[in-house]
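Have a look at the structure below before the remarks.
Worth knowing before you read on, the calculation uses all heavy atoms, side chains too, and leaves out hydrogens, waters and symmetry mates.
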Amino acid sequence: MPRPSSERSPSRGEASAARGWRPPPALLGFLVLLVVVFAVSYEVGDAAGPVAPGMRSSVPDGDGTGSGNGSGRGGHGGHG
C-alpha cells in the first residue's frame with residue numbers, strides 16, 4: 001500500500017535546504033589560502049622596509065616640514 005503524500009520522507013533537496021546553505025570546501029580552502037598569502041606578503045614587505053634609498057612617509061613627523069621625498073627639490077628629482 002503506497003504512503004499518502006503528507007507522510008512521505010523529505011527528498012534529498014529538501015533535506016539539504018533544511019540544513020542551510022554551506023559553501024563548498026574548496027571555496028573555503030581558497031579563501032583561507034588567500035588570507036594567508038596576503039598576511040605573509042604584508043609581513044615580508046613590512047620587514048623589508050622602504051624599497052628605495054631615502055624613501056620616507058608622506059605624512060609629516062610632527063614638525064610640519066615633511067616633504068616626503070628627502071631631496072629638498074620637490075617633484076620627482078628631475079634634471080635641471
Linking I/L/V/M/F/W/Y whenever any side-chain heavy atoms sit under 4.5 Å apart, do Tyr42 and Val51 land together?
no
Taking Phe30 as the starting point, is it possible to reach Phe38 by hopping between hydrophobic residues whose side chains are less than 4.5 Å apart?
yes
Do Val32 and Leu27 share a hydrophobic cluster (ILVMFWY, side-chain heavy atoms under 4.5 Å, transitive)?
no
